[in-house]
Amino acid sequence: AAITYEHIKTCKQTGARLGIVHTPHGSFETPAFMPVGTQATVKTMSPEELKEMGAGIILGNTYHLWLRPGNDVIKEAGGLHKFMNWDRPILTDSGGFQVFSLSEFRKIEEEGVHFRHHLNGSKLFLSPEKAMEIQNDLGSDIMMAFDECPPYPATYEYMKASVERTSRWAERCLKAHARPEDQGLFGIVQGGEFEELRKQSAKDLISLDFPGYAIGGLSVGEPKDVMNRALEFTTPLLPANKPRYLMGVGSPDSLIDGAIRGVDMFDCVLPTRIARNGTLMTSEGRLVVKNAKYERDFGPLDPNCDCYTCKNYSRAYIRHLIRANETFGIRLTSYHNLYFLLRLMEQIREAIRNDRLGDFREEFFEQYGFN
Ligand SMILES: CNc1nc2cc3c(cc2[nH]1)N=C(N)NC3
């Protein structure tokens, strides 16, 4: 099989697990954070810098790459790995979420979704088969099934019909899966905050025997306790010998709380997105470097960080670059934020090794300033 999960151990203090995911382009340790490279680049970072900071796998996006430059172009280049010069694992999202979050969308039918291009308004159509064809051309190691991503909140009735359709679409994705020996296809469990529907969705997808499962429909504006409760009754439904991927998460506290609840893989645009306006994640909490109080602060962004940015540049200098709209500024802030999250995942894995992730959560929350 293209994707296999190796369980190393489960933390004795929490439900967190330490593992390794093996893919055709190499392996990565879990729990893992996956930097997002929506348009075939993790914004402002080179592949060498991503490797230097320890990124084991990155994300690409079916929706965006289909629209621009086109999956045909990337296929002709020899696939996404060659096109972007990244020889480690790549996971591509299926476009399900992007259609519902980006496009003024028209109509969901059994066949697929009709919607308008989010940039030029032209009419478009995505289906399970089309999403699989695009990901096949991209050549990603992990493909995501094409699912319906209901808005939050949604009624039980709407969510029930949506889950049943997502299960039918998952089966169609499996049928359209051209190269299962080279690419792994993950099913996406939906069902919102309804335990019965999460159970139904998980049951349907497990019967299709995917090599990994994502938990979708979260991190869509629901309160954190709703997300944590949904995780508490969803992750135990999923097979212990396969990776569990919580889509679109997240912030440092959500990564720790997701790992504690048995999640193995995470992705989020947060680190690079907030970096672009000079907001940094540091060991003492969030820091907005444009703030006047840093004008003559010649210390590092984070005194407890040993990343390239923190070893070589000051808050004053980075503040200046960001205010002057100098591109080098967002390179430095992006590098630090990604490094911060990747190092947090290493600390989480270390805490699992030492059966103390609960204690680590207390220490981190105290220092970072979470409640
Ligand atoms: C940022 N929050 C977020 N929630 C998500 C949920 C999903 C997703 C992407 C997400 N991102 N992709 C899917 N194909 N389905 C579920």
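Numbering of ligands and ligand atoms starts at 1, following listing order.
By the 4.5 Å heavy-atom criterion applied to side chains, M132 and F146 are not counted as neighbours. A 4.5 Å side-chain heavy-atom check between R198 and E195 finds every atom pair outside the cut-off.
Contact check on K311 versus D306 returns no salt bridge, with no Lys/Arg side-chain nitrogen under 4.0 Å from an Asp/Glu carboxylate oxygen.
By the salt bridge (charged side-chain N to carboxylate O under 4.0 Å, His left out) test, R323 pairs with no residue at all, sequence neighbours left out. Contacts of E196 classified as salt bridge (charged side-chain N to carboxylate O under 4.0 Å, His left out), with partners at least two apart in sequence or in another chain: K199.
Within the structure, side-chain hydrogen bond (donor to acceptor under 3.5 Å, both in side chains) contacts touching residues 160-172 (residues at least two apart or in different chains) are E110-R165, E110-R168, E129-R172, E148-S162, K160-E164, S167-D204.
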Extract all N/O-N/O pairs under 3.5 Å that connect ligand 1 to the protein, and present each with both atom names and the distance rounded to 0.1 Å.
| unit_1 | atom_1 | unit_2 | atom_2 | d |
| --- | --- | --- | --- | --- |
| ligand 1 | 2 (N) | S219 | O | 2.8 |
| ligand 1 | 4 (N) | L218 | O | 2.9 |
| ligand 1 | 12 (N) | D93 | OD1 | 3.4 |
| ligand 1 | 12 (N) | D93 | OD2 | 2.8 |
| ligand 1 | 14 (N) | D93 | OD1 | 2.8 |
| ligand 1 | 14 (N) | D147 | OD1 | 3.0 |
| ligand 1 | 15 (N) | D147 | OD2 | 2.7 |

